[in-house]
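Notes follow the structure.
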Amino acid sequence: MTPAALAELVRTTAVDVLSARGVDTSVLPETVTVERPRNPEHGDYATNLAMQVGKRAGVAPRELAGWLAESLAQRDEISSAEVAGPGFLNLRLAADAQGAIVRDVLTRAEEFGSGDLYAGLRVNLEFVSANPTGPIHLGGTRWAAVGDALGRILRAQGAEVTREYYFNDAGAQIDRFVRSLVAAARGEEVPEDGYGGAYVAEIASEVLRREPGALDLPEAERDEVFRRIGVGLMFDEIKRSLHEFRTDFDVFFHEDSLHSSGAVTECLEQLKESGSLYHAEGAWWLRSTEFGDDKDRVVVKSDGAPAYIAGDIAYLRDKRERGFQLCLYMLGADHHGYIPRLKAAAAAMGDDPDSVEVLIGQLVNLVRHGEPVRMSKRAGTVVTLEDLVEAVGVDAARYSLVRSSVDSPVDIDLDLISKHTNENPVFYVQYAHARLSSLQRNAASLGIARGGVTEADLGLLTHEREGDLIRTLGEFPRVVRSAAELREPHRVARYLEELATAYHRFYDSCRVLQPGDDQPGPLTIARLQLCEATRQVLANGLSLLGVSAPQQM
RNA sequence: GCCCUCGUAGCUCAGACGGAUAGAGCAAGAGACUUCUAAUCUCUAGGUCGCAGGUUCGAAUCCUGCCGGGGGCGCCA
């Protein structure tokens with residue numbers, strides 16, 4: 001019996017009990033929650049329902065809990081129901097009812113953990129969107145790992161997710177990039193406000209290889225050559241490194257296209273006419289103060305040129321026209337000031353501001369010898385996605401970036417992380433999967449068939465560690481659901497660590513394959529199925545994080 | 001100055017919607033390998049949940065005010 005089924009049973013029981021005593025059942029919440037108590041003495045599951053509704057029902061919590069316990073204890077699925085503390089109801093499941101979780105996992109297989117929370121919802125998920133003036137740095141790498149995982153998690157809840165990367169390839173930073181390329185090609189120093197680093201020189205020389213006479217062209221033409229080829233090479237580089245990081249996008253959107261297509265102009269005209277922008281001091285303004293901004297923001301400058309934010313508005317309009325119901329943005333903490341502007345932009349176009357959701361993540365700090373390391377774009381001392389992958393590999397890099405809440409800053413210590421210590425919990429989780437895979441191989445080589453889901457007596461799984469493991473498996477669907485609801489992929493990682501622990505503990509206490517036992521008993525079959533269910537959930541969870549589930553290590 | 005965010009064990013961090021004695025990993029100490037993979041497991045030690053009030057049966061969690069770290073406050077992009 002799954003936690004969800006148990007919660008439903010508690011609720012229907014509460015309805016019966018209350019109405020039998022003449023108490024108004026409308027005091028009951030829509031959904032009852034059952035949680036797993038930390039202390040095993042408090043049962044397999046516990047509910048605080050009686051305390052929640054006791055006052056409103058006019059019944060003492062302990063008394064109400066007692067009524068529930070009496071009724072629930074008569075169910076076959078429940079082995080015990082006790083009142084504790086101020087009105088907790090502690091429940092234990094009968095072994096065979098609990099074992100049904102294993103059957104559920106094996107039946108749904110890859111689908112176990114999925115849900116329909118966002119069935120059919122069209123979601124645009126924009127993340128990374130780093131400027132195409134250099135390689136992806138550590139901060140962008142974090143968004144790549146977290147955003148990709150979030151996309152997978154939302155899809156697991158039925159959402160139709162489009163992953164999108166916005167290239168800011170219009171404006172001054174591209175000019176600076178081009179100037180840096182030209183300077184490098186001419187062997188000059190990095191210009192003021194320019195970009196340094198080996199990649200600039202590499203791209204510059206590649207431009208020269210393709211257009212050997214580029215430096216002899218008139219300045220405007222020369223810059224255009226470096227812009228066209230150099231920025232293109234940078235795009236390719238970014239896409240390639242992200243792809244190798246297993247983060248692929250459905251759409252790479254170019255800011256420049258919004259300007260060249262006239263979309264920005266068209267959008268601005270429309271907003272001016274509809275009165276969504278107001279004219280003052282020679283400029284056109286967006287009412288971002290209505291969404292908590294310090295001041296309204298200029299959209300069209302007094303010289304008639306669009307401000308940067310105009311591109312954002314036109315881009316949002318483009319997303320809306322493509323039919324997205326929810327636009328998610330993942331931005332670094334240094335961009336949190338964008339939230340009111342984006343909300344205001346949505347409102348200006350007549351959309352619900354809640355259709356725009358901005359997730360703010362803390363930055364990644366680089367540490368060496370316990371001291372913070374300053375990274376400088378100009379000096380080219382930025383640590384990149386590729387540096388990190390080279391040091392620890394894709395799995396460890398992704399996992400270590402996704403297992404923390406984005407609300408907390410992450411320190412990356414290069415000395416530590418390049419040691420290949422197993423301090424990284426990804427190995428712990430992957431090892432559990434490898435162990436389980438090995439176990440299934442061994443069973444197969446011994447000629448032991450695991451059997452179908454109806455061929456095991458899962459009620460034999462009565463060992464304490466077996467119960468813990470099964471109940472942990474049962475948590476997976478609600479972990480995925482809450483990760484999706486809260487946009488917090490790290491919950492899946494933390495869960496996997498908990499599941500791996502439960503499995504390793506089980507493995508330590510419960511022998512699965514009996515040596516010399518060519519006639520596997522029913523307990524062996526039941527345990528094999530439990531193991532396969534565990535392997536399946538580990539694989540499903542790792543898949544949501546974009547981390548591999550190795551067959552052996 | 002205003003806004004956002006964080007503050008939990010020596011270190012890195014979990015603890016959404018208020019629940020029972022606040023957890024994990026690493027580091028420290030002591031144990032368990034003729035192994036179904038020891039990248040594992042068991043035990044010990046480690047805490048003023050930044051501080052002070054408030055809300056209530058109950059607060060790490062919610063509210064207010066301080067303290068401290070990080071970030072943001074352009075007709076730049």
Side-chain angles (χ1 to χ4, degrees), chain A residues 33 35 37-39 41-42 46-48 51-52 54-55 61 84-88 90 131 133 168 170-176 255 281-285 292-295 297-309 311 332-340 360-363 365 367 370 400 403-411 413 416 421-432 434-443 446 448 482-483 485-486 488 490-491 493-495 497-498 500-501 503-515 524 527-528 531 552-553:
Chain A
T33 56
E35 56 183 19
R38 205 65 194 164
N39 186 338
E41 291 174 14
H42 296 151
T47 179
N48 59 359
M51 285 181 288
Q52 283 182 323
K55 185 178 284 182
F88 289 103
N90 296 336
N131 284 343
T133 53
N168 292 119
Q173 80 274 10
I174 289 292
D175 296 336
R176 287 202 295 271
E255 179 191 4
E281 301 169 47
W284 291 88
W285 301 73
D293 207 347
D294 296 341
K295 54 198 286 191
R297 299 291 161 175
V298 168
V299 177
V300 182
K301 298 188 257 185
S302 50
D303 65 1
Y308 175 78
I309 187 177
D334 53 340
H335 287 80
H336 86 262
Y338 285 30
I339 298 175
I360 293 298
Q362 296 300 308
L363 304 175
N365 301 309
V367 174
S400 57
R403 77 182 287 268
S404 298
S405 160
V406 294
D407 286 339
S408 66
V410 161
D411 287 337
D413 188 325
L416 197 64
T421 63
N422 51 359
E423 193 167 331
N424 193 324
V426 69
F427 294 115
Y428 183 80
V429 175
Q430 287 184 315
Y431 179 63
R435 240 187 182 182
L436 282 157
S437 301
S438 170
L439 186 64
Q440 299 296 343
R441 283 194 301 271
N442 291 340
L446 290 171
I448 299 174
S482 68
E485 260 182 304
L486 298 168
E488 291 183 350
H490 76 275
R491 289 171 185 277
R494 298 292 171 161
Y495 166 79
E497 291 167 30
E498 188 188 330
T501 298
Y503 168 67
H504 286 309
R505 286 161 59 94
F506 154 80
Y507 182 89
D508 191 59
S509 301
C510 301
R511 181 94 196 173
V512 179
L513 300 174
Q514 300 299 331
T524 297
R527 284 181 171 169
L528 271 176
C531 284
Q552 53 191 354
M553 289 176 75

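Below, chains carry the letters A, B, ... as their sequence lines are ordered, and counting in each starts from 1.
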Table of protein N/O atoms under 3.5 Å from nucleotides 56-64 of chain B N/O atoms:
residue, atom, partner, partner atom, Å
rC57(B), OP1, Lys55(A), NZ, 2.8

Distances for protein N/O vs nucleotides 5-7 of chain B N/O pairs under 3.5 angstrom?
residue, atom, partner, partner atom, Å
rU5(B), O2', Gln362(A), NE2, 3.1

Name the pairs: protein N/O against N/O of nucleotides 21-24 of chain B, kept only if under 3.5 Å.
residue, atom, partner, partner atom, Å
rU21(B), O4, Asn39(A), ND2, 3.3
rG23(B), O2', Arg38(A), NH2, 3.2

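Distance check on atom P: rC11(B) versus rC49(B) gives 16 Å, rounded to whole Å. Here the separation of rG50(B) from rG10(B), taken at their P atoms, is 13 Å to the nearest Å. rG25(B) and rA59(B) have their P atoms separated by 28 Å, given to the nearest Å. When the C1' atom is used for both rG1(B) and rG47(B), the distance is 37 Å, rounded to whole Å. Separating the P atom of rA24(B) from that of rC43(B) is a span of 10 Å, rounded to the nearest Å. The gap from the P atom of rC62(B) to that of rA16(B) amounts to 9 Å, rounded to the nearest Å. Taking atom C1' in both rC33(B) and rG70(B), one finds a spacing of 47 Å when rounded to whole Å. Straight-line distance between the C1' atoms of rA52(B) and rC13(B): roughly 27 Å, to the nearest whole Å.
At the heavy-atom level, Ala84(A) lies under 4.0 Å from base atoms of the strands shown. Residue contacts for Ala46(A): at a heavy-atom cut-off of 4.0 Å it reaches a base atom on one of the strands shown. Within the nucleic acid shown, Tyr338(A) comes within 4.0 Å of at least one base atom, counting heavy atoms only. In this structure, His336(A) reaches the bases: a heavy-atom distance under 4.0 Å links it to at least one base atom across the strands shown. Among the atoms of the strands shown, only primed sugar atoms or phosphate atoms (P, OP1, OP2) are found under 4.0 Å from some heavy atom of Val410(A). Within the nucleic acid shown, Asp175(A) has no heavy atom closer than 4.0 Å to any nucleic acid atom. Here Ala333(A) lies in heavy-atom contact (under 4.0 Å) with sugar-phosphate atoms only. Tyr431(A) comes within 4.0 angstrom of a base, heavy atoms only. Using a 4.0 Å heavy-atom cutoff across all strands shown, His335(A) reaches no nucleic acid atom at all. Contact annotation for Glu485(A): no contact, since no heavy-atom pair falls under 4.0 Å across all strands. Base engagement by Ser302(A) is indicated by at least one non-hydrogen atom pair under 4.0 Å involving a base atom. Within the 4.0 angstrom heavy-atom criterion, only backbone atoms of the sugar-phosphate kind lie near Ala170(A); the bases stay farther away. Residue contacts for Thr33(A): at a heavy-atom cut-off of 4.0 Å it reaches no nucleic acid atom on any strand shown. Note on Glu498(A): nothing from the nucleic acid sits closer than 4.0 angstrom, heavy atoms only.
Each of rA14(B), rG19(B), rU37(B) was ranked by its minimum atom distance to the side chain of Tyr507(A); first place goes to rU37(B). Closest approach to the Val512(A) side chain among rC36(B), rA14(B), rC41(B) is made by rC36(B) (side chain taken as heavy atoms from C-beta onward). Checked against rU37(B), rG71(B), rC75(B), the side chain of Ala283(A) finds its nearest nucleotide in rC75(B).
In this structure, His504(A) atom NE2 and rC33(B) atom C1' are separated by 16 Å, rounded to whole Å. Whole-Å rounding puts the Leu439(A) CG to rU40(B) P distance at 18 Å. Straight-line distance from the CZ atom of Arg435(A) to the P atom of rA39(B): 8 Å, rounded to whole Å. rC75(B) atom P lies 9 Å from atom CD of Glu281(A), rounded to whole Å. When the C1' atom of rC36(B) is taken as reference, atom CZ of Phe506(A) falls 10 Å away, rounded to whole Å. Summarising the geometry, the separation between CZ on Arg491(A) and C1' on rC17(B) is reported as 10 Å, rounded to the nearest angstrom. Here rC4(B) presents its P atom at 10 Å from CD1 of Ile339(A), a figure rounded to the nearest Å. The nearest whole Å value for the distance from the CZ atom in Arg297(A) to the C1' atom in rC73(B) is 7 Å.
Between Ala432(A) and Ala500(A) the shortest heavy-atom distance is CB-CB, 4.0 Å. The two residues Thr524(A) and Leu513(A) have their closest heavy-atom pair at CG2-CD2, 4.3 Å. Heavy atoms only, all atoms of each residue included: Ile360(A) and Gly332(A) are closest at CD1-O, 4.0 Å. Nearest heavy atom pair, residue Ala84(A) against residue Asn90(A), reads CB-ND2, 3.3 Å.
Evaluation of the side-chain contact (heavy atoms from CB on, under 4.5 Å) rule for Glu497(A) yields Tyr399(A), Arg403(A), Pro425(A), Val429(A), Arg494(A) as partners, not counting sequence neighbours. The side chain to side chain donor-acceptor pair (under 3.5 Å) search around Asp293(A) returns Ser288(A), Arg297(A), not counting sequence neighbours.
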Dump the intermediate steps for side chain to side chain contact (heavy atoms under 4.5 Å, CB included) on Arg491(A) and Leu486(A), then the final yes or no.
-> CA-CA 9 Å; Arg491(A) 289 171 185 277; Leu486(A) 298 168; 3.5 Å; yes
Should Val406(A) and Glu488(A) be marked as a side chain to side chain contact (heavy atoms under 4.5 Å, CB included) after you check the CA-CA gap, both sets of side-chain angles, and the distance that decides it?
-> CA-CA 8 Å; Val406(A) 294; Glu488(A) 291 183 350; over 6 Å; no
Show the numbers, then the answer: is there a side chain to side chain contact (heavy atoms under 4.5 Å, CB included) between Asn442(A) and Ile448(A)?
-> CA-CA 9 Å; Asn442(A) 291 340; Ile448(A) 299 174; over 6 Å; no
Report the C-alpha separation of Tyr428(A) and Tyr431(A) in whole Å, then their side-chain angles, then the decisive distance to 0.1 Å, and conclude whether the side chain to side chain contact (heavy atoms under 4.5 Å, CB included) test is met.
-> CA-CA 5 Å; Tyr428(A) 183 80; Tyr431(A) 179 63; 5.9 Å; no
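The aromatic rings of His335(A) and Tyr338(A) lie perpendicular to each other, with more than 60° between the two planes, well past the 30° mark.
Residue order along RNA chain B, read from the 5' end via each residue's closest nucleotide, puts Ile360(A) first among Ile360(A) and Arg511(A).
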The dot-bracket string of RNA chain B, counting Watson-Crick and G-U wobble pairs with both distances under 3.5 Å, using [ ] for crossing pairs and | for pairs to another strand, is (((((((..((((.....[...)))).(((((.......))))).....(((((..]....))))))))))))....
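Phe88(A) qualifies as a stacking partner of the rA20(B) base, centre to centre under 5.5 Å and near-parallel within 30°.
Results of the side-chain contact (heavy atoms from CB on, under 4.5 Å) test with Asp407(A) over Pro409(A), Ser405(A), Ser404(A) single out Ser405(A) as the only residue that passes.
In this structure, His42(A) NE2 and Glu35(A) CD are separated by 11.5 Å, a value rounded to the nearest 0.5 Å.
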